[in-house]
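For reference, the structure discussed in these notes is given below.
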Amino acid sequence: MHDPDDDRAFMAAALAAHAPAAGRVTVHPTPVASAPASLAHDLLRSMGKHLPLAGSEDGTFWTGNAETAWRAVAAWILALRIGHVIVTRAHRISPRHFKYLFALREHTGIRLTLLCHGPLPPVLASALAVLPHDSAYDLAAARRVMAAPVPAAPPAAARFAWWEAQGQYPPHPDEPCFLLPARRKPGRDELNAAARRLGRTVLPLPAAGRFPPDPDEPTVLLAHRLHARIAHPVHAAALGLRILTGRPATQLPSPQVHEAVPAQSQRRPKRPAPSWAVDLIEAARRFGQLEGRQSSVSPLRLCSFDQTGAAEAAHTCGVIDYQAPRLGRHAAANALRSNRPAAADRDAGSMRDAPHQSANPRE
């Protein structure tokens with residue numbers, strides 16, 4: 001789309017066309033950002049994914065790696081059924097960004113619409129000389145291009161509304177947190193005890209392997225955090241699978257969408273993954289295919305960098321790998337009758353509630 005006069009109406013129409021639920025996103029590139037991964041970061045944000053604000057060098061290294069960042073973009077586009085990408089300010093995109101955009105179009109089959117508010121860059125003019133394309137020179141034609149339906153977009157009613165995860169980033173220091181699910185759902189007393197120890201409200205989640213297809217209110221809140229706060233598909237799926245199965249990060253099942261296996265269970269019933277986890281798991285599967293190192297049936301194996309990134313993502317989402325020590329019935333009764341602090345409280349300093357470590361001595 002050509003806008004040589006830099007008419008504000010063209011930009012307004014492009015921004016108004018942003019409709020992730022319908023499979024269409026508008027990307028407004030960060031000005032004067034020429035790093036190879038910068039446009040990939042903008043694309044991730046257009047899909048509601050946010051890069052880590054802080055973290056270790058191991059956990060955030062991937063954000064500066066152009067190949068990994070663009071692979072993440074492609075994986076999310078395929079998993080989230082994005083069929084149309086609109087890029088504004090395309091006349092200022094660097095030649096290497098055009099290279100990645102054209103590769104993204106080739107790998108995902110998206111409709112790519114470039115809005116140029118000035119003369120065409122030489123690399124784009126050369127590409128248009130050989131690539132089939134349509135051109136729009138007036139506002140009415142541009143609006144028709146941007147409003148065109150995306151045939152591949154499925155009915156929104158059958159999917160989790162990941163695009164509604166607004167206001168979930170950046171994290172608030174006093175926001176509620178969640179305990180990583182175990183085989184048994186913790187009772188109210190255990191949640192209250194954990195809340196006192198952590199100094200934060202702890203919301204309940206179903207037991208591992210027992211998440212229903214339709215999430216309750218706390219699970220929706222957690223799912224929105226997973227979708228908004230984790231930009232790397234593998235890290236998002238790893239945390240999602242840990243929540244679903246209760247397994248440690250070194251024993252995650254294959255990234256398939258058809259089952260969620262209870263932790264340490266001898267039975268392996270087929271159980272559909274809940275709607276909020278399907279897109280996370282599918283994105284990890286697509287990322288593995290694009291990387292060429294993961295088959296469709298192999299477990300989700302995390303390298304040390306990914307383990308660190310997934311652990312830091314858990315912390316960002318408020319998922320605590322922590323279980324309060326359980327007292328026997330007689331010990332609990334004595335603790336309630338005694339004026340002295342309970343043994344569990346005296347030992348609290350030895351417990352670790354960091355998201356990448358478990359307080360359960362059996363793990």
Side-chain angles (χ1 to χ4, degrees), residues 1-20 24-55 60-77 80 82 84-105 108 110-128 131 133 135-139 141-143 145-147 163 165-171 228-232:
M1 298 187 298
H2 299 262
D3 174 28
D5 298 325
D6 200 4
D7 187 346
R8 183 171 56 183
F10 276 83
M11 177 66 76
L15 297 177
H18 181 74
R24 181 172 58 246
V25 296
T26 299
V27 186
H28 189 50
T30 302
V32 302
S34 58
S38 61
L39 185 57
H41 298 167
D42 293 329
L43 280 157
L44 289 170
R45 282 188 286 268
S46 74
M47 292 182 284
K49 313 299 176 185
H50 290 82
L51 300 175
L53 274 178
T60 60
F61 172 79
W62 73 270
T63 62
N65 184 287
E67 299 296 333
T68 305
W70 281 94
R71 194 175 294 125
V73 170
W76 284 120
I77 283 177
L80 302 180
I82 302 299
H84 189 181
V85 174
I86 302 169
V87 184
T88 67
R89 298 292 177 195
H91 62 294
R92 292 187 174 179
I93 293 178
S94 69
R96 53 186 167 183
H97 283 164
F98 276 117
K99 171 187 172 184
Y100 283 114
L101 273 178
F102 293 147
L104 181 69
R105 176 182 175 274
T108 62
I110 57 171
R111 173 188 296 166
L112 179 61
T113 298
L114 304 173
L115 177 54
C116 293
H117 307 269
L120 295 185
V123 64
L124 178 57
S126 299
L128 294 181
L131 293 176
H133 66 281
S135 296
Y137 293 91
D138 59 75
L139 185 58
R143 284 174 173 161
V145 169
M146 291 185 286
W163 51 86
Q166 301 295 328
Q168 298 299 321
Y169 199 84
R229 299 181 181 180
I230 313 177
H232 195 301

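Just so you know, residue 1 is the first one in the sequence shown, and it goes up from there.
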Exercise for review: Using the side-chain contact (heavy atoms from CB on, under 4.5 Å) rule, take L80 and K49 through it: C-alpha gap first, then chi angles, then the decisive distance, then the call.
Suggested key: CA-CA 12 Å; L80 302 180; K49 313 299 176 185; 4.0 Å; yes

Practice item. Provide the full list of ring-ring contact (aromatic ring centres under 6.0 Å, His included) pairs with a residue in residues 24-46, sequence neighbours left out, each pair given once. Key: none

Rounded distance [0.5 Å steps], [atom1] in [X] versus [atom2] in [Y]:
X: L112; Y: L104; atom1: CG; atom2: CG; result: 8.0 Å
X: S34; Y: R92; atom1: OG; atom2: CZ; result: 13.0 Å
X: M1; Y: M146; atom1: CE; atom2: CE; result: 4.0 Å
X: W70; Y: N65; atom1: CH2; atom2: CG; result: 13.5 Å
X: T26; Y: L15; atom1: OG1; atom2: CG; result: 6.5 Å
X: I93; Y: K99; atom1: CD1; atom2: NZ; result: 15.5 Å

Give a yes or no on whether the backbone of [Y] and the side-chain of [X] come within a donor-acceptor separation of less than 3.5 Å.
X: R229; Y: Q168; result: yes
X: S126; Y: V123; result: no
X: Y169; Y: L51; result: yes
X: H97; Y: A90; result: no

Point to revise | Pair V85-L101, side-chain contact (heavy atoms from CB on, under 4.5 Å): steps then yes or no | key: CA-CA 10 Å; V85 174; L101 273 178; 5.6 Å; no

Review point. Which of parallel (below 30°), tilted (30 to 60°) and perpendicular (above 60°) describes H117 and H91?
Key: perpendicular

Review point. Can you say whether the rings of W62 and H232 are parallel (under 30°), tilted (30 to 60°) or perpendicular (over 60°)?
Key: perpendicular

Show the nearest heavy-atom pair for residues [X] and [Y], with the distance to one decimal.
X: S46; Y: L43; result: OG-O, 2.6 Å
X: A136; Y: V145; result: CB-CG2, 4.3 Å
X: I82; Y: P20; result: CD1-O, 4.3 Å
X: D42; Y: P29; result: OD2-CA, 3.4 Å
X: A231; Y: A72; result: O-CB, 4.2 Å

Review point. Name the one of V87, L39, L124 that satisfies side chain to side chain contact (heavy atoms under 4.5 Å, CB included) with F98?
Key: L124

Could you check if a side-chain atom of [X] sits within less than 4.5 angstrom of a side-chain atom of [Y], using non-hydrogen atoms only?
X: S135; Y: H2; answer: yes
X: H18; Y: V27; answer: no
X: V25; Y: I86; answer: no

Exercise for review: Could you walk me through whether S38 and T30 pass side-chain contact (heavy atoms from CB on, under 4.5 Å), step by step?
Suggested key: CA-CA 8 Å; S38 61; T30 302; 5.9 Å; no

Practice item. Decide side-chain contact (heavy atoms from CB on, under 4.5 Å) for D5 and F10; before the verdict, give the C-alpha distance in whole Å, the side-chain angles of both, and the deciding distance to 0.1 Å. Key: CA-CA 10 Å; D5 298 325; F10 276 83; over 6 Å; no

Exercise for review: Give the C-alpha distance, both sets of side-chain angles, the deciding distance and a yes or no for side-chain hydrogen bond (donor to acceptor under 3.5 Å, both in side chains) between H84 and T113.
Suggested key: CA-CA 8 Å; H84 189 181; T113 298; 2.7 Å; yes

Point to revise | With sequence neighbours excluded, residues passing side chain to side chain donor-acceptor pair (under 3.5 Å) with D7 | key: none

Practice item. Evaluate the salt bridge (charged side-chain N to carboxylate O under 4.0 Å, His left out) criterion for residues D6 and R89: first the C-alpha distance (whole Å), next the side-chain angles of each, then the deciding distance (0.1 Å), finally the verdict. Key: CA-CA 10 Å; D6 200 4; R89 298 292 177 195; 3.3 Å; yes

Check your understanding: More than 12 non-hydrogen atoms from neighbouring residues, nucleotides or ligands closer than 6.0 Å to CZ on R105, yes or no?
Key -> no

